[in-house]
Amino acid sequence: MASELNNSNPDHDYSKEKLKHSSKEEMVSTMTNSMHRSSSRPQLDVSRAAIQEDSEDRNPTILLPNQSDDISHLALDIGGSLIKLVYFSRHEEQSPDDKRRSMKKRFGLSNGNRRSYPILGGRLHFVKFETGKLNECLDFISSKQLHRGGIDSPSWRSGTQTDDNIVIKATGGGAYKFADVLKERLGVSLDKEDEMSCLVAGANFLLKAIRHEAFTHMEGQKEFVQIDHNDMFPYLLVNVGSGVSIIKVDGDGKYQRVSGTNVGGGTFWGLGRLLTKCKNFDELLELSQQGDNSNVDMLVGDIYGGLDYSKIGLSASTIASSFGKTISETKELSDYRPEDISLSLLRMISYNIGQISYLNALRYGLKKIFFGGFFIRGHAYTMDTISFAVHFWSKGQAQAMFLRHEGFLGALGAFMSYEKHGLDYLRAHQLVERFPMEAPCIGGKIHGPPLGNLNEKISWLEKFVQKGTQITAPVPMAPPGTTGMGGFERPSSRGNTLRSDASAALNIGVLHLMPTLEEFPLLADPKMYEPNTIDLLDHGELEYWVTVLSEHLPDLVDKAVASEGGTDDAKRRGDAFAHAFSAHLARLMEEPAAYGKLGLAKLLELREECLREFQFMDAYITIKERENEASLAVLPDLLIELDSMNEEDRLLALIEGVLAANIFDWGSRACVDLYHKGTIIDIYRMSRKKMQRPWRVDDFDMFKEKMLSSGDKKSQPYKRALFFVDNSGADVVLGMLPLARELLRRGTEVVLVANSLPALNDVTALELPEIVAEAAKHCDIIRKAAEAGGLLMDAMVSIQEDGLKNHSTSVSLMVAENGSGGPCIDLRQVSSELAAVAKDADLIILEGMGRAIHTNLNAHFKCDSLKLAMVKNQRLAEKLFNGNIYDCICRFEPGKEQL
Ligand SMILES: CC(C)(COP(=O)(O)O)[C@@H](O)C(=O)NCCC(=O)O
Ligand SMILES: [Mn+2]
């Protein structure tokens with residue numbers, strides 16, 4: 001190592017190393033500010049938010065009147081029991097990245113096929129109300145101006161749209177029944193869409209567009225089912241609302257209502273209300289969890305003196321007659337426990353629906369039965385009961401599947417009939433579901449004083465968070481039941497993790513429509529690709545990672561608050577964030593599939609999203625800047641030292657450098673503890689010193705062969721390499737950038753691929769040009785390549801002045817955003833910019849634990865790939881590599897097409 005590198009103490013020096021050019025300073029500050037202002041992900045606007053102060057209500061009622069930014073469309077499904085709303089909010093803000101792109105476009109510079117898209121993202125929100133409380137629904141629509149295209153919509157601002165000519169798509173019987181009320185209260189007309197068509201359109205959209213929409217539920221186990229779009233039809237759709245519709249679906253718009261039953265959700269609710277005095281559906285469901293239906297139902301054993309009727313295969317615990325025991329003349333209704341009645345009712349109706357559905361599937365030779373409608377409401381016991389019935393009667397030939405957006409099929413279908421949204425064309429990779437804290441409050445009442453200032457907003461969040469935490473409390477264990485039906489035993493999912501609907505409402509987030517996301521085109525087998533390495537379905541794993549994140553929380557909050565100057569406001573938001581994120585973790589511990597299929601990537605991104613929700617845009621900004629400066633200060637010495645080596649030693653030193661510098665990870669508990677023990681450079685030196693081959697996974701020789709082979713076997717240099725960079729500071733400056741320089745020197749174009757949004761101390765695409773510009777001051781190779789790639793502002797101006805005539809012939813160094821805002825990367829959803837540059841790439845380098853170990857460790861690519869990371873977690877090192885913390889991974893794999 002060069003002497004300056006060894007001796008410098010950046011913790012002391014870097015403050016003097018301020019950027020020299022004022023234009024640069026302006027640029028940094030503009031970049032930072034615009035980043036804070038304009039995230040491509042929308043923020044929660046809680047102004048004038050109000051919470052219902054009703055201690056009885058487990059589902060808190062929230063009013064967010066100003067959260068309705070740019071709402072364009074609303075659709076309603078007004079059923080006999082519930083009103084379902086789907087509404088869309090649009091964001092057309094130009095992100096800083098777009099500014100960067102359009103600037104490059106202006107200068108005539110392009111990164112290969114790089115395309116420039118307008119940001120046309122939007123969000124779909126799902127809300128429900130009881131039909132009996134229509135006024136609350138209308139207040140909600142009115143307060144958010146949903147019927148007028150939203151408070152901020154152009155038509156609303158310009159006053160071009162009057163209430164008289166507003167038309168809203170609606171379906172369900174209530175679209176007819178309440179048309180006059182809507183006209184009178186909101187001045188809107190309803191454009192009525194056929195209910196069955198809407199159900200089918202909604203179901204088809206969900207099955208095609210949402211990756212983990214459908215799932216099976218047997219004996220308490222939820223398993224997501226990947227629907228093959230080419231083999232989706234025909235299927236049976238059973239919509240269990242107040243009544244039940246059974247529809248055979250043969251394609252888009254091709255369906256037939258083949259049957260139905262009048263015994264449905266309305267029957268359960270109505271009879272339950274009469275028999276138990278429960279006030280609402282959820283109360284009734286919750287009551288059933290403490291019930292034992294054998295006190296109410298007549299069992300085979302009751303008839304056969306406790307014996308099975310084995311000749312026809314019925315066990316003693318089989319229900320012979322639902323409610324059959326209540327014929328006893330000596331007992332009154334008041335002698336039966338409401339809990340038992342409720343469970344008996346639930347089982348009777350669920351079995352009946354399951355059985356009729358199976359018979360219809362049999363009639364048409366169908367194997368797939370999807371159940372939707374709000375009767376199910378994510379209730380484990382209901383789903384298990386229906387699944388048992390289908391499984392039992394079909395002898396395992398037919399499969400009952402449930403839908404996460406079960407209750408919103410009709411409303412979604414009505415929404416889709418607004419043609420201009422083009423929702424039909426969206427595919428799974430363009431949809432991202434997020435779970436902001438306001439999502440669980442769907443369908444609440446609207447009242448309470450409007451909140452005026454920031455203080456009040458935060459206290460609303462605090463109140464909400466308290467309520468949100470409350471609703472994650474588990475339902476108590478019910479005593480074991482005894483009965484079954486039709487010869488099978490009772491479903492077992494009544495354990496202590498069962499949820500009432502109040503919390504099941506958490507299961508539906510806000511759907512972000514991101515037309516600019518694409519599947520990474522270099523995946524060797526996209527259908528088989530699974531980003532996550534660790535399986536969080538394993539309860540022990542989930543528990544471990546949730547504990548890691550919980551323990552990291554105080555430190556993260558400190559950093560987040562400090563990143564905003566430690567103000568009181570930041571502290572309160574920090575507290576609110578900590579509570580909210582803890583509530584998410586608690587929810588996931590109880591119900592790992594609550595937010596869809598859970599993986600470590602999603603869990604880690606949830607934390608970043610939660611920070612952003614509470615308006616912490618970059619918790620590690622100060623640390624990142626400090627480490628960038630410290631590392632840039634020693635970069636020239638490192639480059640001199642590298643240049644003094646022969647080719648082979650240099651390549652090894654470069655890879656060692658990447659691995660050693662990956663130790664700067666503020667997300668790892670062990671590493672953060674290390675940082676108290678020395679300066680950045682001390683730690684970097686120590687880390688390099690410990691580099692000893694063979695590494696835990698060591699394919700270096702294979703990579704070297706590919707890079708340096710000479711003589712007959714001399715290989716062509718790579719044409720374009722994608723560098724998936726990880727952390728700021730030493731990681732990118734002393735690790736990945738020198739490696740990039742080596743490839744540039746060998747004639748390979750390099751694209752630095754970085755996060756679109758901050759996550760821990762990861763470097764972002766927006767921050768990279770500044771870092772590269774600083775590095776370019778000390779290195780001609782980087783400078784020329786950065787100029788050629790359009791990364792240097794000054795160079796861009798001179799290129800513009802030259803009219804591009806004398807444009808450099810040097811290979812380019814470019815930057816692309818990856819579309820992600822988390823520390824891992826799911827290559828099923830990357831930015832279109834990355835997808836475009838990837839098409840010409842023949843080498844991929846994935847760096848860091850998040851991108852190369854937690855995710856993508858087992859991913860195969862069409863082109864050569866190199867995965868480089870230091871394992872900064874003991875458990876992970878043992879589990880995946882039979883190794884130890886700080887072991888290094890260098891995995892090279894030739895492209896699958898070349899094998
Ligand atoms: C969040 C991270 C994946 C980031 O690692 P990186 O990708 O920066 O190498 C990693 O820090 C991590 O898994 N941390 C949690 C485990 C721990 O603290 O040991
Ligand atoms: Mn990282």
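The shown structure was predicted, so the numbers you read here are calculated from the model rather than taken from an experiment. Here, residue 1 is the first one in the sequence, and each next residue gets the next number. We count ligands from 1, going down the list as the structure has it; atoms in each ligand are counted the same way. Because only heavy atoms are used, hydrogens play no part in the values below, and waters and symmetry mates are left out as well, while side chains stay in.
Only side-chain heavy atoms of Asn662 come within less than 4.0 Å of ligand 1; its backbone N, CA, C and O stay farther off. Proximity of Phe664 to ligand 1, defined as any heavy-atom pair under 4.0 Å, is not found for any part of the residue. In Leu876, neither the side chain nor the backbone holds a heavy atom less than 4.0 Å from any atom of ligand 1. Here His854 has side-chain heavy atoms under 4.0 Å from ligand 1, and that is the only part of it that gets that close.
When distances to the Mn ion (ligand 2) are checked against a cut-off of 2.8 Å, Asn761 contributes no N, O or S atom below that limit.
Taking a 6.0 Å sphere around CG of Asn882, one finds it holds 12 or fewer heavy atoms contributed by other residues, nucleotides or ligands.
Relative to the six-membered ring of Phe700, Arg693 misses at least one condition, a distance below 6.0 Å or an angle of at most 45° to the axis. The side-chain tip of Arg828 does not point at the ring of Tyr529 from less than 6.0 angstrom away and within 45° of straight on.
Atom 7 (O) of ligand 1 has its closest protein heavy atom at Gly850 N, 2.7 Å. The protein non-hydrogen atom at the shortest distance from atom 12 (C) of ligand 1 is Met849 CE, 3.5 Å. When hydrogens are left out, the protein atom nearest atom 9 (O) of ligand 1 is Lys872 NZ, 2.4 Å; that is the closest non-hydrogen contact. Nearest non-hydrogen protein atom to atom 2 (C) of ligand 1 is Asp665 OD2, 4.0 Å. The protein atom (non-hydrogen) at minimum distance from atom 1 (C) of ligand 1 is Leu760 CD1, 3.5 Å. Nearest non-hydrogen protein atom to atom 18 (O) of ligand 1 is Arg669 N, 2.8 Å.
Ion pairing between Asp575 and Lys571 fails under the 4.0 Å rule for side-chain N and carboxylate O. A salt bridge is absent between Lys896 and Asp525; no separation between the charged side-chain nitrogens and carboxylate oxygens falls under 4.0 Å. Between Asp842 and Lys706 there is no salt bridge, since no side-chain nitrogen of the basic residue lies less than 4.0 Å from a carboxylate oxygen of the acidic one. Checked for salt-bridge contact, Lys602 and Glu605 miss the test: no charged N lies under 4.0 Å from a carboxylate O.
Among heteroatoms of the N, O or S kind in Asp726, OD1 lies nearest the Mn ion (ligand 2). Closest N/O/S atom of Asp762 to the Mn ion (ligand 2): OD1.
The Asp726 neighbourhood of ligand 1 comprises atoms 6 (P), 7 (O), 8 (O), 9 (O), with distances under 4.0 Å to a heavy atom of that residue. The Asn873 neighbourhood of ligand 1 comprises atoms 16 (C), 17 (C), 19 (O), with distances under 4.0 Å to a heavy atom of that residue. Near Gly848, the atoms of ligand 1 lying under 4.0 angstrom from a non-hydrogen atom of the residue are 7 (O), 9 (O).
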**Q.** side-chain hydrogen bond (donor to acceptor under 3.5 Å, both in side chains) between Tyr620 and Asn727, intermediate numbers included
**A.** CA-CA 11 Å; Tyr620 288 84; Asn727 303 321; over 6 Å; no
(Q) Checking Glu613 against Glu609 for the side-chain contact (heavy atoms from CB on, under 4.5 Å) test, could you report, in this order, the C-alpha distance in whole Å, the side-chain angles of both residues, the deciding distance, and whether it holds? (A) CA-CA 6 Å; Glu613 189 187 340; Glu609 283 301 328; over 6 Å; no
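Here the shortest heavy-atom pairing between Ala835 and Pro521 reads O-CG, 3.4 Å.
Between Phe616 and Phe577, the ring-plane angle classifies as perpendicular under the 30° and 60° cut-offs.
Of the candidates Gly667, Cys671, Ala877, it is Gly667 that places a heavy atom closest to atom 14 (N) of ligand 1.
Ligand 1 has an N or O atom lying under 3.5 Å from an N or O atom of Asn727, backbone or side chain.
In this structure, a donor-acceptor pair under 3.5 Å is absent between the side chains of Glu817 and Asn755.
Ligand 1 has Trp545 within reach: a non-hydrogen atom of the residue lies less than 4.0 Å from it.
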